[in-house]
**Q** 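Take this structure first; my questions come after.
Start at 1 with the first residue, then count along the sequence.
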Amino acid sequence: MAQFERTKIVMGENLIKIENANICLLGVGGVGGYVLEMLYRLGVKHLTIVDCDNFEETNLNRQLYSTYSSLGRPKVEVAGTRAKEINADCVVIPKKIKINESTLPEILSGQNYDFVIDCIDDVRAKIVTILYCNEHNINLICAMGTGNRYKTPRFEVMDLFKTSYDGLARKMRNELKKKNFRGKVNVCCTLESTEKTTALGSVVYYPLMCAGTLVSFVANKIMEK
């Protein structure tokens, strides 16, 4: 049986749309690493991954590509190598770039992405990504907070301005209001409230569940075309 035969049993000819999709993933850490894994196992052949960080020991509890042998190495390098080991037809373009106002046009301009998936944890970078994609009519979905929670996850895709119990989303709403932003922003968020902690904590199944919701949303939108 061929590699993606079981996927094709479910998706039928829609699998061709998935294979031909051109997707840009911003951030390959906690949520982004699982998103990437699902995308190339789903059959996606065209991926650009962007992250400026190297793996460190605190990533080991939840980030898929974080191992003792990957510590100190660029996340995009490790993730890109892994993708080719699973899906040999997948072309992964790694970009070790910090996402900001000056670099975002370089990353997104003229690439004809079917979707941009934002898994960044930096508020300012998320804001400039939203503004750029809105201005250039690029399909975008953003991951919201997955930290400081441990109860059974429930994730949904909704408009940023309708979220609850999410400190990251609240900060983003405030920043976008300052810029008189009036658009809609699709975000993947949990409806579970955060625990009261002295620092930001995390458990592995929260970013994993968020990633699954993100990828299912993107896949279905691509198949609807």
Side-chain angles (χ1 to χ4, degrees), residues 11 14 17-44 46-51 64 79 92-93 95 99 104 107-109 111-147 149 153-173 175-176 179 181-192 206-225:
M11 291 185 169
N14 279 323
K17 296 180 181 180
I18 298 294
E19 291 175 340
N20 293 332
N22 186 17
I23 297 176
C24 181
L25 173 60
L26 306 179
V28 289
V31 175
Y34 290 106
V35 167
L36 178 61
E37 183 85 5
M38 293 181 200
L39 287 174
Y40 60 70
R41 286 186 184 270
L42 196 57
V44 177
H46 311 281
L47 289 163
T48 298
I49 57 176
V50 186
D51 200 305
L64 179 62
V92 181
I93 301 173
K95 294 180 179 288
I99 299 166
L104 201 59
I107 297 167
L108 299 182
S109 178
Q111 301 302 316
N112 296 317
Y113 291 121
D114 292 286
F115 247 97
V116 173
I117 304 176
D118 156 36
C119 297
I120 322 162
D121 57 8
D122 177 78
V123 173
R124 185 170 181 177
K126 294 178 91 69
I127 295 298
V128 298
T129 300
I130 290 169
L131 295 175
Y132 186 93
C133 288
N134 182 73
E135 180 182 353
H136 294 86
N137 296 312
I138 300 172
N139 292 319
L140 170 71
I141 185 167
C142 304
M144 293 293 100
T146 62
R149 299 171 176 91
R154 295 180 300 150
F155 281 91
E156 294 185 15
V157 175
M158 63 179 66
D159 183 13
L160 172 67
F161 293 92
K162 295 181 179 179
T163 60
S164 303
Y165 304 114
D166 194 307
L168 176 59
R170 182 170 58 251
K171 291 177 183 178
M172 290 172 61
R173 287 196 300 270
E175 290 301 313
L176 287 170
K179 298 180 181 297
F181 180 82
R182 293 292 183 268
K184 179 181 178 180
V185 184
N186 284 319
V187 300
C188 180
C189 64
T190 178
L191 303 179
E192 295 296 332
Y206 258 87
L208 172 59
M209 294 293 287
C210 180
T213 306
L214 281 165
V215 174
S216 63
F217 176 84
V218 170
N220 280 277
K221 286 295 182 184
I222 289 171
M223 289 188 288
E224 288 171 8
K225 288 187 176 181

**Q** Decide yes or no for Asp51 and Lys95: does some side-chain heavy atom of the first lie under 4.5 Å from some side-chain heavy atom of the second?
**A**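 Result no, sub-4.5 Å side-chain heavy-atom pair not found.
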**Q** Leu25 and Leu47: side-chain contact (heavy atoms from CB on, under 4.5 Å), yes or no, with the steps?
**A** CA-CA 7 Å; Leu25 173 60; Leu47 289 163; 5.6 Å; no
**Q** Just how far is it from atom CG of Leu160 to atom CG of Asn186, taken to the nearest 0.5 Å?
**A**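 Answer rounded to 0.5 Å: 10.0 Å.
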**Q** Would you mind listing every salt bridge (Lys or Arg N to Asp or Glu O under 4.0 Å) that reaches into residues 22-43, with sequence neighbours excluded?
**A**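 Only Glu37-Arg41, Glu37-Arg82 qualify under salt bridge (Lys or Arg N to Asp or Glu O under 4.0 Å).
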**Q** Before giving the answer on side-chain contact (heavy atoms from CB on, under 4.5 Å), spell out for Ile141 and Val187 the whole-Å C-alpha distance, their side-chain angles and the decisive distance to 0.1 Å.
**A** CA-CA 5 Å; Ile141 185 167; Val187 300; 5.8 Å; no
**Q** Ion pair present between Asp114 and Lys225, side-chain N to carboxylate O less than 4.0 angstrom?
**A**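 Yes.
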**Q** To the nearest 0.5 Å, what is the distance between SG on Cys188 and CE on Met144?
**A**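 Output value for this atom pair is 9.0 Å.
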**Q** If you look only at pairs with a residue in residues 210-223, which of them pass as a side chain to side chain donor-acceptor pair (under 3.5 Å), with sequence neighbours excluded?
**A**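 Every candidate side chain to side chain donor-acceptor pair (under 3.5 Å) pair involving residues 210-223 fails, so no pair, neighbours aside, qualifies.
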**Q** Search all heavy atoms of Phe155 against all heavy atoms of Thr190 and return the closest pair with its distance.
**A**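 The answer is CD2-N, 3.5 Å.
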**Q** What are the two closest non-hydrogen atoms of Gly183 and Phe161, and how far apart are they?
**A**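 Taking every non-hydrogen atom into account, O-CE1, 3.8 Å.
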**Q** Would you mind writing out the side-chain donor-acceptor pairs for residues 115-134 within the sub-3.5 Å range, not counting sequence neighbours?
**A**
unit_1, atom_1, unit_2, atom_2, d
Asp118, OD1, Ile120, N, 2.9
Asp118, OD1, Lys126, NZ, 3.2
Asp118, OD2, Lys126, NZ, 2.8
Asp122, OD2, Arg124, N, 3.4
Asp122, OD2, Ala125, N, 2.8
Arg124, NE, Glu101, OE2, 3.1
Arg124, NH2, Glu101, OE2, 3.0
Lys126, NZ, Ile120, O, 2.8
Lys126, NZ, Ala143, O, 2.9
Thr129, OG1, Ala125, O, 2.8

**Q** How many angstroms lie between CD1 in Ile107 and CG in Leu26, if you round to the nearest 0.5 Å?
**A**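 The distance works out to 6.5 Å.
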**Q** When the side chains of residues 164-172 are checked against the rest of the protein, which donor-acceptor pairs come out under 3.5 Å, sequence neighbours left out?
**A**
unit_1, atom_1, unit_2, atom_2, d
Asp166, OD1, Leu168, N, 3.0
Asp166, OD1, Ala169, N, 2.9
Asp166, OD2, Gly145, N, 3.1

**Q** Tell me the closest heavy-atom pair linking Cys24 and Val50, and the distance in Å.
**A**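 Nearest pair, atom of Cys24 first, then Val50: SG-CG2, 4.2 Å.
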**Q** Step by step, work out the side-chain contact (heavy atoms from CB on, under 4.5 Å) result for Ile23 and Leu39.
**A** CA-CA 9 Å; Ile23 297 176; Leu39 287 174; 3.9 Å; yes
**Q** Looking at every non-hydrogen atom in both residues, tell me the closest pair between Asn20 and His46 and how far apart they are.
**A**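 Closest pair (atom of Asn20, atom of His46, distance): O-CD2, 3.7 Å.
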**Q** Under the side-chain hydrogen bond (donor to acceptor under 3.5 Å, both in side chains) test, which residues partner Arg173, sequence neighbours left out?
**A**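 Partners of Arg173 under the side-chain hydrogen bond (donor to acceptor under 3.5 Å, both in side chains) test: Thr163.
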**Q** Ignoring hydrogens, what is the shortest heavy-atom contact between Tyr206 and Thr146? Give both atom names and the distance.
**A**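 Smallest interatomic distance, heavy atoms only, reads CB-O, 3.5 Å.
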**Q** Which atoms form the tightest heavy-atom contact between Arg154 and Glu192, and what is the distance?
**A**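 Minimum heavy-atom separation between Arg154 and Glu192: NE-OE2, 3.0 Å.
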**Q** For side-chain contact (heavy atoms from CB on, under 4.5 Å), just list the numbers for Ile18 and Met223, CA-CA rounded to whole Å, side-chain angles, deciding distance to a tenth of an Å, and then say yes or no.
**A** CA-CA 7 Å; Ile18 298 294; Met223 289 188 288; 3.9 Å; yes
**Q** Return the set of residues passing side-chain hydrogen bond (donor to acceptor under 3.5 Å, both in side chains) with Glu19 (not counting sequence neighbours), or none when no residue passes.
**A**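 Glu19 satisfies side-chain hydrogen bond (donor to acceptor under 3.5 Å, both in side chains) with no residue once adjacent residues are dropped.
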